[in-house]
A.B. asks: 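Next up is a structure, given as structure tokens.
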Amino acid sequence: MSKKRSGWITRIMLSIGLVAFLGFSLFPLLTGVLEARQPSQTPSPSPTSAANASSEDDLSAQARGYELVLQREPDNETALRGLIDVRRQQGDIEGAIEPLERLAELNPDEPRYTILLAQTKQYLGNREGAAETYRNLLTREPGNVQALQGLVDLLLQEDRPEAAVGVIEETLQLAPQANQDRADNIDVVSVQLLLGQVYAYQGRNEDALNVYENLIKEHSEDFRPLVGKALLLEQSGKVDEAKATLNTALNVAPPQHKDRIQILIDQLNEPAPEAAPEE
């Protein structure tokens with residue numbers, strides 16, 4: 001995959017978040033661990049060394065305290081959450097798995113615990129476990145777009161785009177009956193947007209464009225298919241059309257999403273870098 005296409009896919013899949021600009025944070029678990037694992041320069045001796053050691057001792061003491069509580073009360077959710085947060089501060093993401101699993105078991109109607117568990121497993125390289133966790137949640141809640149997006153992203157990372165398409169199509173097939181049983185059980189627009197993303201990932205730009213065009217006709221008040229269409233137009237070199245489409249998206253988008261769309265518009269307005277002279 002070329003660097004240009006890879007960068008564009010990253011913008012579609014991560015930066016703009018077409019499906020719903022989804023954001024989810026129970027604890028800053030992954031962020032904290034990622035920061036803790038960044039390589040750092042060897043520190044020179046300083047007065048803060050003793051304070052850092054003391055902080056580590058404090059965290060270890062807190063962890064032991066929560067563990068003692070959980071030995072007596074394994075279902076104590078305050079202790080489970082506290083232990084997860086301490087593990088995050090310690091940079092021990094693997095140690096957070098067990099209390100996360102217990103929280104997810106205790107709260108089957110609260111999907112954020114299960115989603116965070118799947119994300120954590122994925123970060124640790126346990127893709128099979130992450131996929132199973134996402135699938136289990138989707139069995140209970142086929143309309144959970146966060147779980148669906150997580151599973152699709154995982155399949156794309158494994159270079160299985162057809163499997164990703166299959167999962168999305170299965171969800172769309174379930175939608176009529178599911179939404180008849182309970183209104184808006186499956187957000188069909190969000191699922192179709194995800195399908196457009198996967199088509200774009202595969203280089204099936206015409207199929208992706210058809211998805212976005214149909215959604216724009218049926219849901220003119222929704223800015224997300226407009227953003228998807230604009231990114232495809234940009235990829236095809238139709239920068240002026242992309243700008244116009246993004247401006248339309250900016251006009252209909254809720255206030256909380258306007259800034260990110262404006263960033264895309266500003267990027268398109270930047271002059272193209274000059275090509276390096278040939279030797």
Side-chain angles (χ1 to χ4, degrees), residues 10 13-14 17 19-20 22-40 52-160 163-164 167-168 171 194:
T10 300
M13 299 301 289
L14 301 176
V19 172
L22 290 174
F24 165 69
S25 177
L26 172 60
F27 307 109
L29 180 63
L30 296 181
T31 301
V33 173
L34 284 168
E35 291 174 351
R37 292 192 176 187
Q38 292 297 318
S40 59
N52 290 338
S54 176
S55 177
E56 289 295 328
D57 290 343
D58 289 343
L59 289 173
S60 296
Q62 290 179 45
R64 286 195 296 271
Y66 287 127
E67 288 167 349
L68 287 173
V69 172
L70 291 170
Q71 287 177 12
R72 301 189 305 269
E73 305 171 45
D75 295 344
N76 187 311
E77 295 189 23
T78 300
L80 288 168
R81 287 191 293 267
L83 182 58
I84 291 169
D85 193 41
V86 170
R87 293 292 186 232
R88 172 191 65 80
Q89 295 180 64
Q90 291 177 315
D92 182 12
I93 194 167
E94 192 165 357
I97 287 287
E98 185 175 347
L100 261 177
E101 287 178 332
R102 189 59 189 149
L103 272 178
E105 290 172 3
L106 291 171
N107 296 275
D109 296 328
E110 180 52 85
R112 59 179 179 164
Y113 294 107
T114 303
I115 291 169
L116 185 57
L117 175 61
Q119 292 173 339
T120 305
K121 288 180 177 180
Q122 184 173 346
Y123 173 75
L124 289 171
N126 183 5
R127 291 183 175 178
E128 183 177 345
E132 182 181 4
T133 301
Y134 281 130
R135 290 184 188 278
N136 287 341
L137 177 54
L138 287 169
T139 298
R140 302 196 306 269
E141 299 182 26
N144 191 301
V145 179
Q146 287 181 308
L148 182 62
Q149 185 174 30
L151 180 57
V152 165
D153 287 348
L154 183 63
L155 292 170
L156 293 181
Q157 288 177 24
E158 294 178 341
D159 198 23
R160 298 175 59 197
V167 169
I168 296 169
T171 304
L194 188 54

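All values derive from a computational prediction rather than experimental measurement. Computation of the quantities below employed the complete heavy-atom set of this structure, encompassing side-chain atoms and omitting hydrogens, waters and symmetry-equivalent molecules.
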A.B. asks: Quick one about Q122 and Q157 (side-chain donor to acceptor, distance below 3.5 Å, no hydrogens or angles considered), yes or no?
C.D. replies: yes

A.B. asks: Should E94 and Y123 count as side-chain neighbours, where that means a heavy-atom distance under 4.5 Å?
C.D. replies: no

A.B. asks: So do the side chains of L155 and V167 get within less than 4.5 Å of each other, counting heavy atoms only?
C.D. replies: yes

A.B. asks: Quick one: CG on L117 to CG on N136, what's the gap to the nearest 0.5 Å?
C.D. replies: 10.0 Å

A.B. asks: Looking at OG1 of T133 and CD1 of I115, how far apart are the two atoms once the value is rounded to the nearest 0.5 Å?
C.D. replies: 11.0 Å

A.B. asks: I need the full list of salt bridge (charged side-chain N to carboxylate O under 4.0 Å, His left out) pairs touching residues 121-143, with sequence neighbours left out, sorted by first then second residue.
C.D. replies: E101-K121

A.B. asks: Salt-bridge test for E73 and R102: reply yes if a basic N is under 4.0 Å from a carboxylate O, no otherwise.
C.D. replies: no

A.B. asks: Measuring from atom CG of L148 to atom CG of L137, what distance do you get when rounded to the nearest 0.5 angstrom?
C.D. replies: 10.5 Å

A.B. asks: Would you call L80 and L106 a side-chain contact if the rule is heavy atoms closer than 4.5 Å?
C.D. replies: yes

A.B. asks: Does CD belonging to E110 count more than 12 external heavy atoms closer than 6.0 Å?
C.D. replies: yes

A.B. asks: Do the non-hydrogen side-chain atoms of L124 and I97 ever get within less than 4.5 Å of each other?
C.D. replies: yes

A.B. asks: Could R81 and E77 be called an ion pair, given the rule that one side-chain N must be under 4.0 Å from one carboxylate O?
C.D. replies: yes

A.B. asks: Quick one: does D153's side chain get under 4.5 Å of Q149's, heavy atoms only?
C.D. replies: yes

A.B. asks: Please tell me if the side chains of T78 and V69 come closer than 4.5 Å, counting only heavy atoms from C-beta onward.
C.D. replies: no

